[in-house]
Amino acid sequence: MAKVLLASRNRKKLAELQRVVDAAGITGLEILGLDAVPEYPEEPETGATFEENALIKARSGVRATGLPCLADDSGISVDALNGMPGVLSARWSGRHGDDPANNALLLAQLSDTPDERRGAAFVSACALVLPDGTETVVRGEWRGRILREERGPNGFGYDPLFAPDDDLAAGRSSAELTPEEKDSLSHRGKALAQLVPVLRELAGS
Ligand SMILES: O=P(O)(O)OP(=O)(O)OP(=O)(O)OC[C@H]1O[C@@H](n2cnc3c(O)ncnc32)[C@H](O)[C@@H]1O
Ligand SMILES: [Mg+2]
């Protein structure tokens, strides 16, 4: 069976990719996480853009394993913060991957921002790099606004603070959507949808 490595330490991203591949009816493609391959030194995410960081992660995965490699770099871009946290989303509070601290800091920074200026977008850049050097980079965006308190148990990261603009979400946070609803609207869902043809080809299905 063809293999593709998702170069990510984030298990929620792995689950989202697996759902997209399953929903597209792609069989014959085994998605491996970093746990499934011998450990290799991961490069720091020093890029100025989501695209650069996604490429850094995917290229180092290919170099280390020789497998086709997919990587996502994503974050939330808040209008009232001139696009920040952006590429710093995972470590906004200073500690990488501390979701409660990141959310608390973002809420505090926006405490005086009125409802009409709380617009934001989730952004995902996904890079697929093949062992022959072929590189495909795609991007998805998801517009919404930042709530005044956390809501909902699903998803991860900033999901409890993000109210999507889409009618389907109708007053819910993205942490109150079902996984399938999130996939159909989200930045990562939109980015990965553009990679489905390449993934299908890799799978030979
Ligand atoms: O780099 P890898 O190992 O893939 O995993 P990561 O969690 O560090 O991922 P990023 O560097 O791409 O940082 C993305 C951050 O942006 C936020 N984020 C991205 N996508 C999100 C989503 O769908 N829902 C909520 N928050 C999201 C979340 O806080 C993540 O920590
Ligand atoms: Mg990261």
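What you are looking at is a predicted structure, and each value in this text was computed from that prediction instead of being measured. As the structure lists them, so they are numbered: ligands from 1, and atoms in each ligand from 1.
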So, Lys12 and Asp159, do they make that salt bridge, N to O below 4.0 Å? no
Atom 16 (O) of ligand 1: of Gly75, Gly33, Ala71, the nearest heavy atom sits on Gly75
Filtering Arg9, His187, Arg11, Lys13 for the heavy atom nearest atom 6 (P) of ligand 1 leaves Lys13
Ring geometry between Phe162 and Phe122 (parallel below 30°, tilted from 30 to 60°, perpendicular above 60°): tilted
Student check: side-chain heavy atoms of Val129 and Leu55 closer than 4.5 Å: yes
Taking only heavy atoms of His96, which atoms of ligand 1 are found under 4.0 Å from at least one of them? 8 (O)
For atom 18 (N) of ligand 1, find the nearest protein heavy atom and state the residue, atom name and distance (0.1 Å precision). Phe156 CE1, 4.0 Å
Give the residue, atom name and distance (to 0.1 Å) of the protein heavy atom nearest atom 7 (O) of ligand 1. Asn10 ND2, 3.0 Å
Check: Gly144 main-chain N/O paired with Arg118 side-chain donor or acceptor under 3.5 Å: no
Note: Arg139-Glu51 ion pair, threshold 4.0 Å (strictly below): yes
In this structure, does ligand 1 have an atom that sits under 4.0 Å from one of the heavy atoms of Asn102? no
Could you check whether Asp98 and Ser93, counting side-chain N and O atoms only, form a donor-acceptor pair closer than 3.5 Å? no
Ranked by distance from atom 20 (N) of ligand 1, the top protein heavy atom is Arg188 NH2, 2.7 Å
For Ser8, counting its heavy atoms only, list the atoms of ligand 1 lying under 4.0 Å from any of them. 2 (P), 3 (O), 4 (O), 5 (O)
closest protein heavy atom to atom 19 (C) of ligand 1 is Ser74 OG, 3.1 Å
Among protein heavy atoms, which lies nearest atom 11 (O) of ligand 1, and at what distance? Glu45 OE1, 2.9 Å
Taking side chain as C-beta onward, heavy atoms only, is Ser184 less than 4.5 Å from Leu168? yes
Salt bridge present between Glu43 and Arg59 (N-O < 4.0 angstrom): no
Can you name the atoms of ligand 1, numbered from 1 with element, that are less than 4.0 Å from a heavy atom of Gly157? 25 (C), 26 (N), 29 (O)
N, O or S atom of Asp73 closer to the Mg ion (ligand 2) than 2.8 Å: no
Which residue and non-hydrogen atom of the protein lie closest to atom 17 (C) of ligand 1, and at what distance in Å? Tyr158 CD1, 3.7 Å
Tell me the contacting part of Lys182 for ligand 1: side chain, backbone, both, or neither, using a 4.0 Å heavy-atom threshold, strictly below. side chain
Go through ligand 1 atom by atom and flag the ones less than 4.0 Å from a non-hydrogen atom of Phe122. 21 (C), 24 (N), 25 (C), 26 (N), 27 (C)
Any heavy atom of Lys57 sitting closer than 4.0 Å to ligand 1? yes
Taking everything shown except Arg11 itself, do over 12 heavy atoms lie less than 6.0 Å from its CZ? no
Are Lys3 and Glu30 packed together at the side-chain level, in the sense that at least one heavy-atom pair is separated by less than 4.5 angstrom? yes
Is the closest heavy atom of Ile76 to ligand 1 under 4.0 Å? no
Asp73 neighbourhood, listing ligand 1 atoms whose heavy-atom distance to it stays under 4.0 Å: 10 (P), 11 (O), 12 (O)
Look at the side chain of Ser89 and the backbone N and O of Gly75, then say whether any donor-acceptor pair between them is shorter than 3.5 Å. no
When rounded to the nearest 0.5 angstrom, what distance separates CD1 in Ile146 from CD1 in Ile76? 4.0 Å
Which of the atoms in ligand 1, numbered in the order shown and given with their element, are less than 4.0 Å from a heavy-atom of Asp159? 22 (C), 24 (N), 25 (C)
